[in-house]
2 protein chains.
Amino acid sequence: MASLDRSLIAGLSVFEGIAVADLDRIVGQARSIRIARGQSVFEQEQEARSFFLLLDGHVRVVKSTPAGHEVTVRYIGPGELMGIAGALGRTTYPANALAAADCVVLAWPSHLWPTFATSFPSLSANTYRMVGSRLQDAHTRVIEMSTEQVEQRVANALLKLVKQSGKKIEEGILIDFPISRQDIAEMTGTTLHTVSRLLSAWEDQGLVKSGRQRVVVVEPHRLVVVAEARGSKS
Amino acid sequence: MASLDRSLIAGLSVFEGIAVADLDRIVGQARSIRIARGQSVFEQEQEARSFFLLLDGHVRVVKSTPAGHEVTVRYIGPGELMGIAGALGRTTYPANALAAADCVVLAWPSHLWPTFATSFPSLSANTYRMVGSRLQDAHTRVIEMSTEQVEQRVANALLKLVKQSGKKIEEGILIDFPISRQDIAEMTGTTLHTVSRLLSAWEDQGLVKSGRQRVVVVEPHRLVVVAEARGSKS
DNA sequence: GATGGAACTTGCGTTGGATCAAACAGGCGC
DNA sequence: GCGCCTGTTTGATCCAACGCAAGTTCCATC
């Protein structure tokens with residue numbers, strides 16, 4: 001571990017409340033890995049030998065169904081943990097993790113988790129807080145799928161991506177990694193055709209600009225309006 | 001706590017690997033509560049003062065959207081924990097919990113959790129294993145909503161309920177608590193009309209028998225076939 | 001045993017999106 | 001610079017499921 005890594009890492013929310021000396025002990029046991037775009041970090045059903053912290057890049061977590069469908073469960077951004085199957089009593093990974101862009105990750109052997117959890121209560125608390133918020137997210141997804149139309153779901157997905165990985169550029173806010181219509185479709189439970197039509201329509205209205213594997217949200221506020229529309233019925 | 005409670009409780013998977021003496025210390029700090037059918041155990045956004053273990057009955061966990069829709073997140077059966085917001089770093093409950101039948105629960109003050117977690121590592125491990133499997137379930141729900149048709153989703157929901165709370169009777173397997181078409185619709189993201197139509201069709205085919213707030217699955221195997229049909233495309 | 005309300009059934013018209021199909025870029029290797 | 005592959009656009013058609021509406025059955029209560 002280069003020492004400049006450490007200063008970056010200390011600010012991450014996973015390590016909030018952890019003493020600097022402890023942080024060294026934790027990070028010292030990780031190895032740092034580079035993963036090229038398109039490569040997988042870990043794979044569904046594989047034995048969960050390691051857990052990971054994403055330092056740089058973006059990872060797409062995908063589940064495959066027996067019938068051959070692929071559903072994107074979530075995107076992981078810098079500073080987030082992934083592959084923590086061990087902390088949840090699983091021995092295999094529940095999904096595939098694919099690098100959506102070139103990535104740098106820290107990897108720890110899974111067997112270290114129990115020790116970490118008892119030695120560093122803050123780490124444990126922070127991790128389970130994150131798990132809790134993922135559970136929340138998943139439930140929110142279920143609710144969106146149950147109650148919203150495709151248009152709202154796609155708008156919400158874009159807004160979520162913007163919030164998580166938006167980068168301000170002159171035209172608006174760019175989603176800072178390559179993302180295709182197909183990817184968005186897999187996040188929202190629709191088809192690339194419908195996503196394409198929606199993006200085209202929004203482009204005509206000046207809400208977004210998009211091209212090949214690239215989406216820029218020009219007017220987030222108006223997109224929020226789209227995301228909230230119609231859902232009212234009660 | 002009556003002593004016969006303790007023998008029942010010792011067998012629950014949450015308490016697996018916990019010494020009898022410890023179990024007494026844990027259960028000794030709980031109070032036991034009866035909740036009548038239709039009453040709520042806890043409510044969305046309420047401050048999470050307690051966490052609960054369901055001893056008897058069934059609880060329906062429901063989320064309400066701002067737009068006034070209700071989505072059933074899951075059914076809790078005997079032996080399961082609920083309201084463990086505290087263990088996941090939340091201060092409020094994320095959903096409403098309604099007694100689907102008369103219930104008996106144990107309740108602990110939330111502030112005991114951190115102590116429990118450090119004093120009884122097995123309890124902590126068991127709890128987070130359960131959280132992990134709920135996260136899994138939620139992701140499975142998302143995938144079902146994305147890739148399956150209403151018919152498969154309803155079939156799967158019934159099979160899940162049968163597995164969780166099925167009671168063998170002469171006609172087949174009864175779902176052992178009152179459940180309406182509306183409830184099933186809220187679990188599967190559809191309308192009571194569609195659920196009613198499906199159940200009627202299945203009844204004609206001899207797969208199920210159903211009536212007012214009551215569903216009996218007569219031929220689980222054939223329902224499995226329905227649940228798996230069509231999804232094949234790839 | 002009459003009354004009222006909740007749960008359920010069923011028919012019909014409508015429609016949001018999926019599916020099918022075909023053509024059109026943009027980037028990369030040679 | 002040319003072709004190829006992958007990602008994207010756009011049109012046409014179809015159908016599963018929703019929304020609406022009317023009617024029925026069951027249960028609780030007085």
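Proteins get letters first, then strands, A, B, ... in listed order; numbering begins at 1 in each.
DNA chain C lies under 4.0 Å from at least one heavy atom of each of the following residues of residues 171-181 of chain B: B:Ser180, B:Arg181. Within residues 192-200 of chain A, the residues approaching DNA chain D are A:Leu192, A:His193, A:Ser196, A:Arg197, A:Ser200, by heavy-atom distance under 4.0 Å.
Shown here are the side-chain hydrogen bond (donor to acceptor under 3.5 Å, both in side chains) partners of B:Glu171, two or more places apart in sequence or in another chain: B:Arg214. Listed by chain and number, the residues in a side-chain hydrogen bond (donor to acceptor under 3.5 Å, both in side chains) with A:Glu45 amount to none (sequence neighbours excluded). Remark: A:Gln164 pairs with A:Glu80 by the side-chain hydrogen bond (donor to acceptor under 3.5 Å, both in side chains) rule, at least two apart or across chains. In terms of the ring pair (Phe, Tyr, Trp, His ring centres under 6.0 Å) criterion, residue partners of B:Tyr93 (sequence neighbours excluded) are, by chain and number, B:Phe42. With sequence neighbours excluded, the residues satisfying side-chain hydrogen bond (donor to acceptor under 3.5 Å, both in side chains) with B:Asn156 are B:Glu148.
The shortest distance between the side-chain N/O atoms of B:Thr190 and the OP1/OP2 oxygens of D:dC18 is below 4.0 Å.
Residue pairs meeting the side chain to side chain donor-acceptor pair (under 3.5 Å) criterion with at least one partner in residues 97-106 of chain B, sequence neighbours excluded, do not occur; the list is empty. Note on residues 181-206 of chain B: pairs passing salt bridge (charged side-chain N to carboxylate O under 4.0 Å, His left out), not counting sequence neighbours, are B:Arg60-B:Asp183, B:Arg60-B:Glu186. Here salt bridge (charged side-chain N to carboxylate O under 4.0 Å, His left out) pairs that include residues 137-147 of chain A, with residues two or more places apart or in two chains, are A:Arg74-A:Asp137.
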Taking only N/O atoms, report every protein-nucleotides 23-30 of chain D pair under 3.5 Å with atom names and distance.
residue: D:dC26; atom: O2; partner: B:Arg212; partner atom: NH2; Å: 3.4

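In the helix from C:dG1-D:dC30 to C:dC30-D:dG1, the terminal helix axes, each the rotation mapping four pairs' C1' atoms onto the next four within five end pairs, subtend 40°, rounded to 10°.
Atom pair B:Gln149:CD and D:dC15:C1' shows a separation of 10 Å (rounding to whole Å applied).
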